[in-house]
Amino acid sequence: MKLVPNKKLTRKFYTRDVLTVAIELLGKILVKNEDGIILSGKIVEVEAYNGEIDEAAHTFVGKTKRNEIMFGEGGFFYVYFTYGNHFCCNVVTGDIGKGTAVLIRAVEPLAGEDIMIKNRFGRKLKNEKEKFNLTSGPGKTCQAFSITKKHYGIDLTGDEIYILDSKKLKEEEIGTSQRIGIKKSVHLPWRFFIKNNQYISRK
DNA sequence: ATCAAGATTACCT
DNA sequence: GGTAATCTTGATA
């Protein structure tokens with residue numbers, strides 16, 4: 001797919017197969033622009049979820065109030081709350097009715113890193129090592145970006161939360177593994193990450 | 001109305 | 001390496 005560097009990804013990008021979108025989202029730039037505060041990060045780790053064949057997907061059981069947005073058109077934001085503490089954010093993919101989405105598991109901070117530090121720790125960094133604990137997981141990323149239920153259903157082709165294009169990664173730069181933290185459909189190799197990146201959640 | 005599980009994280013040994 | 005914390009959601013009655 002032909003795309004222009006540093007331009008916002010369009011609806012067409014998102015309304016494709018979930019695995020294709022998941023892999024191509026690596027290296028792209030997640031941007032949040034709210035109340036004049038701009039936060040951004042390079043996407044370095046994702047997971048694909050497909051309710052049609054994947055028991056771990058929230059959409060596997062059919063439509064509920066929580067997963068409704070995942071059954072809509074691609075290019076919308078699916079945010080959910082889990083384990084009593086954490087939000088996780090996803091990019092809905094495919095056509096209406098598919099129930100597929102990509103979980104953003106980790107990013108590498110770009111703009112607004114100082115604000116992310118404040119959002120995560122409420123203080124300054126204690127050491128250099130702590131820097132890599134900023135956004136190295138789905139819950140951490142949402143906390144750093146102040147992403148909550150309030151952002152459920154946002155249109156990613158809009159101006160509040162969106163994703164910028166970037167140069168396509170080479171195949172050898174991308175790693176694949178089983179997904180993390182699930183108990184069903186564990187075998188599916190649907191986690192994708194940028195090899196040797198310091199911000200991925202696990203080796 | 002009640003209950004069990006969960007796409008996690010931080011902290012412990 | 002292991003596990004407690006914490007509460008929304010979805011299922012069952």
Side-chain angles (χ1 to χ4, degrees), chain A residues 14 17-19 21-23 25-26 30 41 43-72 74 76-94 98-109 116-154 156 161 175-194 198-203:
Chain A
Y14 298 110
D17 174 75
V18 64
L19 292 176
V21 177
I23 292 164
L25 274 175
L26 291 173
L30 175 68
I43 297 171
V44 300
E45 178 181 340
V46 297
E47 282 175 3
Y49 287 86
N50 180 353
E52 292 179 319
I53 53 171
D54 166 18
E55 289 186 74
H58 290 162
T59 45
F60 186 76
V61 293
K63 193 182 279 190
T64 65
K65 194 180 173 198
R66 177 175 68 160
N67 68 27
E68 201 175 12
I69 195 75
M70 260 182 88
F71 283 104
F76 289 82
F77 217 41
Y78 170 45
V79 183
Y80 66 88
F81 185 75
T82 192
Y83 291 109
N85 278 306
H86 314 288
F87 292 98
C88 295
C89 68
N90 300 248
V91 173
V92 176
T93 65
K98 293 290 272 186
T100 60
V102 176
L103 170 68
I104 296 178
R105 285 195 56 92
V107 305
E108 177 180 326
M116 296 185 203
I117 291 167
K118 204 175 156 213
N119 288 343
R120 283 272 293 133
F121 307 119
R123 52 163 172 77
K124 306 225 165 166
L125 287 187
K126 277 183 183 156
N127 52 55
E128 268 303 291
K129 201 178 150 195
E130 211 173 48
K131 188 170 117 173
F132 300 111
N133 191 29
L134 255 187
T135 53
S136 54
K140 299 176 192 178
T141 298
C142 282
Q143 188 181 17
F145 276 69
S146 292
I147 292 169
T148 68
K149 203 75 183 289
K150 157 182 170 189
H151 303 101
Y152 180 98
I154 282 180
L156 297 173
I161 297 176
T176 303
S177 78
Q178 296 185 346
R179 294 172 296 176
I180 291 172
I182 54 170
K183 296 202 174 104
K184 302 169 194 163
S185 299
V186 180
H187 58 284
L188 296 172
W190 286 359
R191 171 172 174 255
F192 308 100
F193 55 92
I194 298 180
Q198 300 254 45
Y199 289 87
I200 60 176
S201 63
R202 299 192 205 176
K203 297 256 170 94

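Below, chains carry the letters A, B, ... as their sequence lines are ordered, and counting in each starts from 1. Please read these numbers as outputs of a predicted model, since none were measured by experiment.
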Would you say the side-chain atoms of A:Glu108 pair up with the backbone N or O of A:Val44, donor to acceptor, closer than 3.5 Å? no
Considering only nitrogen or oxygen atoms on both sides, find all protein atoms under 3.5 Å from nucleotides 4-7 of chain C and state each distance.
from  : atom 1 : to      : atom 2 : distance (Å)
C:dT6 : O4'    : A:Asn85 : ND2    : 3.4
C:dT6 : O2     : A:Tyr83 : O      : 2.3

Which of residues 98-106 of chain A have a heavy atom under 4.0 Å from DNA chain B? A:Leu103, A:Arg105
Considering residues at least two apart in sequence or located in another chain, which fulfil the salt bridge (Lys or Arg N to Asp or Glu O under 4.0 Å) criterion with A:Glu130? A:Arg123
Please report, to 0.1 Å, the donor-acceptor pairs under 3.5 Å made by any side chain of residues 79-93 of chain A, with sequence neighbours excluded.
from    : atom 1 : to       : atom 2 : distance (Å)
A:Asn90 : ND2    : A:Tyr78  : O      : 3.1
A:Thr93 : OG1    : A:Thr100 : OG1    : 2.7

Any chance the side chains of A:Thr59 and A:Asn67 put a donor and an acceptor closer than 3.5 Å? no
List the residues meeting salt bridge (Lys or Arg N to Asp or Glu O under 4.0 Å) with A:Lys150, not counting sequence neighbours, and say none if there are none. A:Glu34
Got a sec, which residues hit salt bridge (Lys or Arg N to Asp or Glu O under 4.0 Å) with A:Arg179, two or more places apart in sequence or on another chain? A:Asp54
Looking for any heavy atom pair under 4.0 Å, which part of the strands does A:Lys149 touch: base, sugar-phosphate only, or nothing? sugar-phosphate
Would A:Ser201 and A:Phe193 satisfy side chain to side chain contact (heavy atoms under 4.5 Å, CB included), going step by step from the backbone distance to the final call? CA-CA 9 Å; A:Ser201 63; A:Phe193 55 92; over 6 Å; no
In residues 132-139 of chain A, what donor-acceptor pairs under 3.5 Å come from side-chain atoms, sequence neighbours left out?
from     : atom 1 : to       : atom 2 : distance (Å)
A:Asn133 : OD1    : A:Lys140 : NZ     : 2.7
A:Thr135 : OG1    : A:Val107 : O      : 2.6
A:Ser136 : OG     : A:Phe132 : O      : 3.0
A:Ser136 : OG     : A:Lys140 : NZ     : 3.2

Can you find a pair of side-chain heavy atoms, one from A:Leu19 and one from A:Trp190, that are under 4.5 Å apart? yes
Could you tell me whether the side chain of A:Ile200 reaches within less than 4.5 Å of the side chain of A:Ile194, counting heavy atoms only? no
Between the protein and nucleotides 10-13 of chain C, are there any N/O to N/O pairs under 3.5 Å, and if so, what are the atom names and distances?
from   : atom 1 : to      : atom 2 : distance (Å)
C:dG10 : OP1    : A:Thr64 : OG1    : 2.5
C:dG10 : OP1    : A:Arg66 : N      : 3.4

Distance from A:Ile69 atom CD1 to A:His58 atom NE2, nearest 0.5 Å? 15.0 Å
First of A:Gly139 and A:Lys183 reached from the 5' end of DNA chain B, by closest nucleotide: A:Lys183
4.5 Å side-chain heavy-atom contact, A:Leu30 and A:Phe145: yes
In dot-bracket notation, what is the pairing pattern of DNA chain B, taking Watson-Crick (N1-N3 plus N6-O4 or O6-N4) and G-U wobble (N1-O2 and O6-N3) contacts under 3.5 Å, with [ ] crossing and | for other strands? ||||||.|||||.
Between A:Ile180 and A:Glu47, the two heavy atoms sitting closest are N-OE2, 2.9 Å
Shortest non-hydrogen contact from A:Ala56 to A:Ile182? CB-CD1, 3.9 Å
Contact summary for A:Ser146 and A:His151, nearest pair of heavy atoms: O-CE1, 3.1 Å
Any non-hydrogen side-chain atom of A:Arg191 less than 4.5 Å from a side-chain atom of A:Gln178? no
Chain A contact limits on DNA chain B, taken 5' to 3' with a cut-off of 4.0 angstrom to heavy atoms: B:dG6 to B:dA10
Ordered by number, residues from residues 118-136 of chain A within less than 4.0 Å of DNA chain B (heavy atoms) are A:Arg120, A:Asn133
Qualifying residues under side-chain hydrogen bond (donor to acceptor under 3.5 Å, both in side chains), relative to A:Glu52, sequence neighbours excluded: A:Lys98
